[in-house]
Trainee: 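Next up is a structure, given as structure tokens.
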2 protein chains.
Amino acid sequence: MTLTTKDKILDTAERLFAEQGYDATSLRQIIAAAAVNLAAVHYHFHSKEELLDAVILRKVTPVNEERTALLDRFEREAGDSAPPVEQVLEAFIAPTFGARERSPQFVKLMGRVHAEGIMLRLMTEHFQPLLRRFLDAFQRALPDVDREELLWRIHFMVGAMAHTLRSRPEIHQAAGVKANFGADQISRSLIDFLAAGFRVSWGATSAPAPAGPSPSKTPAVLP
Amino acid sequence: MTLTTKDKILDTAERLFAEQGYDATSLRQIIAAAAVNLAAVHYHFHSKEELLDAVILRKVTPVNEERTALLDRFEREAGDSAPPVEQVLEAFIAPTFGARERSPQFVKLMGRVHAEGIMLRLMTEHFQPLLRRFLDAFQRALPDVDREELLWRIHFMVGAMAHTLRSRPEIHQAAGVKANFGADQISRSLIDFLAAGFRVSWGATSAPAPAGPSPSKTPAVLP
DNA sequence: GTCTATACTGAGATAGAC
DNA sequence: GTCTATCTCAGTATAGAC
């Protein structure tokens with residue numbers, strides 16, 4: 001236990017942020033648990049927010065490396081052709097669920113973080129290469145889909161995944177249905193669900209609705 | 001402009017929460033802009049958190065009524081058969097996008113709120129009937145899908161929608177692609193994307209991946 | 001029943017001694 | 001690098017005026 005002050009802060013902050021959330025955790029709580037001084041936090045991390053950034057990046061970097069490595073492998077195995085959407089999705093999603101197995105609390109925080117403005121700030125700096133890498137992979141798997149549309153579908157994917165990583169039962173509880181699926185089955189359901197969405201052929205809108213006497217002439221936005 | 005103190009607080013809080021987010025907005029900022037006293041907030045709403053609840057519920061209630069009304073109409077038009085998934089999705093999603101047109105800032109807050117723990121608290125109290133209503137509609141449209149699986153798909157839908165309602169460009173910006181889609185087209189893309197996911201036949205997992213020499217024998221979770 | 005004035009506690013941040 | 005002391009501002013609680 002000869003951790004530096006900086007590491008003691010990082011470890012404790014990671015644990016408390018994950019257990020209680022970012023806002024609910026005060027710096028004073030962290031320094032008490034880590035047995036360090038309050039000013040040390042600001043010396044090493046400048047602010048509470050930058051401490052959160054550091055906590056996140058330390059954990060997210062290996063996950064992103066796993067994602068890239070997995071995609072690399074799928075591409076290698078596919079030879080000249082491109083890996084199917086399912087594999088691209090698996091490369092993106094599985095590492096997060098894997099991280100969840102290893103540290104459920106932290107990934108819960110990740111989901112929260114993904115959803116709040118925090119990721120928006122980190123995204124541009126640290127997520128860009130990964131995003132471009134996966135965008136290309138998706139585009140090769142689905143050459144017919146428009147690029148902007150594809151980005152929206154990635155957007156949907158991130159939303160669905162982030163929401164799923166957070167809290168499990170909310171909806172099941174409200175509906176009075178027991179949530180029996182394990183992480184593995186949820187991950188599978190998510191990938192299958194998203195793969196079908198990604199495969200939708202572009203241009204052929206469902207617009208007027210497949211059955212029933214065309215309900216809304218107005219754009220889909222307003223009833 | 002003979003608004004009651006309570007309404008002045010609600011209106012101002014709604015605007016500031018939407019513009020700056022919940023945490024970034026202080027009660028003192030609200031009371032200054034609304035020209036009321038600090039304690040009046042606690043008199044009428046007991047706490048900052050309950051003020052947020054009130055702000056949300058005031059706006060969300062008509063949206064949920066719109067959702068129900070739209071679903072009612074689709075069911076009426078479908079006669080003896082059940083409305084297709086696309087219509088159930090439209091009934092759920094379109095009213096939010098409609099609200100977005102009318103008050104973009106607020107729906108941005110809604111997306112944020114959906115994602116944080118806040119909705120979890122409100123959900124059980126005020127969302128339950130709506131959820132059960134839509135769960136039934138989905139189940140009738142997709143009788144072959146297992147009920148828990150269906151709830152997960154609804155979960156994915158909520159995540160994708162909430163994330164989409166929030167901030168538009170993040171991903172497009174990071175990828176260096178211009179975001180030209182209007183709200184209408186995004187709404188359509190989302191519905192088509194989700195409909196395909198909902199329609200996936202249950203039981204037929206994509207597991208071993210459709211092409212390439214079965215990459216992972218381990219559960220999809222870990223590479 | 002409504003609202004005002006004011007005080008209390010705990011938060012994040014900072015300056016400067018060591 | 002670390003710590004003490006202090007600053008400002010947050011949300012909250014209450015006593016009392018209308």
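Labels below follow one simple rule: chain letters A, B, ... track the order of the sequence lines, proteins then strands, and each chain is numbered from 1.
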Trainee: Mind calculating the distance between CG (A:Leu38) and P (D:dG1) to the nearest angstrom?
Mentor: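 Value for this atom pair: 19 Å.
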
Trainee: Begin with the C-alpha distance, continue with both residues' side-chain angles, and end with the deciding distance and a verdict on salt bridge (charged side-chain N to carboxylate O under 4.0 Å, His left out) for B:Glu86 and B:Arg199.
Mentor: CA-CA 10 Å; B:Glu86 281 80 2; B:Arg199 284 193 193 285; 2.5 Å; yes

Trainee: Rounded to whole Å, please give me the gap between CD1 in B:Ile31 and C1' in C:dC3.
Mentor: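 Result: 12 Å.
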
Trainee: Measure CG/B:Asp23 against P/D:dC9 and give the value in whole Å, please.
Mentor: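 Rounded to the whole Å, the gap is 19 Å.
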
Trainee: Salt bridge or not for B:Lys48 and B:Asp23, using N-O below 4.0 Å?
Mentor: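 Looking at B:Lys48 and B:Asp23, the cut-off is not met.
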
Trainee: Looking across every strand, which nucleic acid part, if any, lies under 4.0 Å from B:Ala39 by heavy atom: base, sugar-phosphate, or nothing?
Mentor: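 Base contact.
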
Trainee: Starting at CD of A:Glu49 and ending at P of C:dA11, how long is that distance when rounded to a whole Å?
Mentor: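 The distance from CD of A:Glu49 to P of C:dA11 comes to 18 Å, rounded to the nearest Å.
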
Trainee: Out of curiosity, A:Ser189 OG to B:Glu148 CD, how far, rounded to the nearest 0.5 Å?
Mentor: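 Output value for this atom pair is 8.5 Å.
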
Trainee: Using OP1 and OP2 only, check whether a side-chain N or O of B:Thr5 sits under 4.0 Å from C:dT2.
Mentor: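 Answer no for this pair, as no side-chain N or O of B:Thr5 is under 4.0 Å from OP1 or OP2.
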
Trainee: Would you say B:His42 reaches D:dT12's phosphate, i.e. side-chain N/O to OP1/OP2 under 4.0 Å?
Mentor: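 Answer yes for this pair, as a side-chain N or O of B:His42 is under 4.0 Å from OP1 or OP2.
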
Trainee: Atom CD of A:Gln29 to atom C1' of C:dT9: distance rounded to whole Å?
Mentor: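 Answer to the nearest Å: 16 Å.
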
Trainee: Whether B:Asp146 and B:Arg153 form a salt bridge (side-chain N of Lys/Arg under 4.0 Å from carboxylate O of Asp/Glu) is what I want to check.
Mentor: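 Salt bridge flag = no for B:Asp146 with B:Arg153.
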
Trainee: Round to a whole Å and report the spacing from CG of B:Asn37 to P of C:dA7.
Mentor: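 After rounding, the gap between these two atoms is 14 Å.
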
Trainee: Which part of the nucleic acid, if any, lies within reach of A:Thr4 when heavy atoms closer than 4.0 Å are counted: base, sugar-phosphate only, or nothing?
Mentor: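 Since no nucleic acid heavy atom lies under 4.0 Å of A:Thr4, the category is nothing.
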
Trainee: Take the protein atom CD of A:Glu50 and the nucleotide atom C1' of C:dT14, then report the distance between them rounded to whole Å.
Mentor: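 In whole Å, C:dT14 C1' lies 15 Å from A:Glu50 CD.
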
Trainee: Taking atom P of D:dC9 as reference, at what distance in whole Å does atom CG of B:Leu27 sit?
Mentor: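 Spelled out: CG on B:Leu27 to P on D:dC9 is 16 Å.
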
Trainee: Hey, could you give me the CG/CZ distance between A:Leu190 and A:Phe97, rounded to the nearest 0.5 Å?
Mentor: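 These two atoms lie 5.5 Å from each other.
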
Trainee: Is the distance from OP1 or OP2 of C:dC3 to the nearest side-chain N or O of B:His44 less than 4.0 Å?
Mentor: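 It does, given that an N or O in the side chain of B:His44 lies less than 4.0 Å from OP1 or OP2 of C:dC3.
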
Trainee: I want to confirm an ordering. Mapping A:Tyr43 and A:Arg28 to their closest nucleotides on DNA chain D, which one lands closer to the 5' end?
Mentor: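 First, find each residue's nearest nucleotide; the 5'-ward one identifies A:Tyr43.
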
